[in-house]
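Here's the structure, in structure tokens; my notes come after.
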Amino acid sequence: MAKERILSGMRPSGKLHLGNYLGALKNWVRLQEEYDCFYFIADWHALTTGYADTAQTRGWVREIAIDYLSAGLDPDKSILFIQSRVPEHAELHLLLSMLTPLSCLERIPTYKEQQQELKDRDLNTYGFLGYPLLQAADIIMYKAHWVPVGIDQVSHIEFAREVVRRFHHLYATEIFPEPQPKLTEIPKLPGLDGRKMSKSYDNVIYLSDSPKALTHKVKTMMTDPARKRRTDPGDPEVCPVFDLHRVYSPEAERQEIAQGCRTASIGCLDCKGVLIRHMQQDLQPLHERRAYYAAHPDTAMQVLIAGSERARCVAQETMAQVREAVHV
Ligand code: SF4
């Protein structure tokens, strides 16, 4: 039986960090075993909010290509591609824009939310309003059944389903499956200062950080602020280091650490030492692959360019059906 298809992508707006890895990439790697996966670098999407400063976009595409492969995305199992290398996405977006009511785009919650969040730039643009439609085109181009997303993106998938229904109704066809969200559980991942890990807070551990840099960052990470001296008992429940233990350390060791913290029988450096050991162990394959691709910088891009050719063949088949249905 043919495998069901999955599509997902990330914008090239900077280097990827552990939050991106645990919140998405690690899950994508697992999904490769069960599904027919298409993963892409959404460089046109980066322009919908970052159109005014594109000087670094190509550089970020290269970095993300390396991050994808370092994380374990495998071109023998998945199709890995770059959105702008498959221009059919623009054609499908254009055709869908003809039949999409403005009101449907305006009521998508992220439209207003992101305009509030990104006040430093003018997002009263045609491209920004239409980015969920570009996303719908990305998904249905490959007839994806599932889209792994966080809860905040579910409205976009529902919108893509509406677009599919409208297209089918108008052109009396059944070309596309209605995509479904595949909810990804995102572990709580604190940044180095205890706030949510985010590039905008400058508190992240990058996938490109060497094992040495990772060790240094964890050693300087904020702890329970009430634990000023080694002899002060601490509270793991309010300590961001312990949140990372929840992700990386086995249950038994975590309990020992919690007990040691509460009784001050271990110090924060001991506690961080255990965490660093587990993190390094978990990330070792990623670090090894990253060291390889960093030493062979063109290899990752070549993989993505070859993947884009494969994606384009699928996209061209879909567009032949779409043109036939729309009579253009
Ligand atoms: S011992 Fe560990 S959990 Fe306790 S305050 Fe220090 S770093 Fe945090």
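What you are looking at is a predicted structure, and each value in this text was computed from that prediction instead of being measured. Read the numbers this way: they start at 1 and go in the same order the structure lists the ligands and their atoms.
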Practice task
Determine, step by step, whether Thr48 and Trp44 satisfy the side-chain contact (heavy atoms from CB on, under 4.5 Å) criterion, reporting the C-alpha distance in whole Å, the side-chain angles of both residues, the deciding distance to 0.1 Å, and the verdict.
Solution key: CA-CA 7 Å; Thr48 62; Trp44 281 342; over 6 Å; no

Practice task
Start with the C-alpha distance between Arg195 and Asn203, add both sets of side-chain angles, then the distance that settles side-chain contact (heavy atoms from CB on, under 4.5 Å), and finish with yes or no.
Solution key: CA-CA 8 Å; Arg195 292 183 291 177; Asn203 65 359; 4.1 Å; yes

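Both the sub-6.0 Å distance and the 45° axial angle are not jointly satisfied by Lys3 relative to the ring of Tyr35.
Taking 4.0 Å as the cut-off between side-chain N and carboxylate O, Glu178 and Arg161 count as a salt-bridged pair.
Near Asp224, the atoms of ligand 1 lying under 4.0 angstrom from a non-hydrogen atom of the residue are 5 (S). Against a heavy-atom cut-off of under 4.0 Å, Cys261 is close to the following atoms of ligand 1: 1 (S), 3 (S), 4 (Fe), 5 (S). Residue-ligand proximity, Cys271 to ligand 1, at heavy-atom distances under 4.0 Å covers atoms 1 (S), 2 (Fe), 3 (S), 7 (S).
Of the candidates Gly267, Cys268, Pro233, Cys239, it is Cys239 that places a heavy atom closest to atom 3 (S) of ligand 1.
In this model, no donor atom of one side chain and acceptor atom of the other lie less than 3.5 Å apart for Gln259 and Gln255.
In this structure, Arg227 counts as a contact residue of ligand 1, since one of its heavy atoms falls inside 4.0 Å of the ligand.
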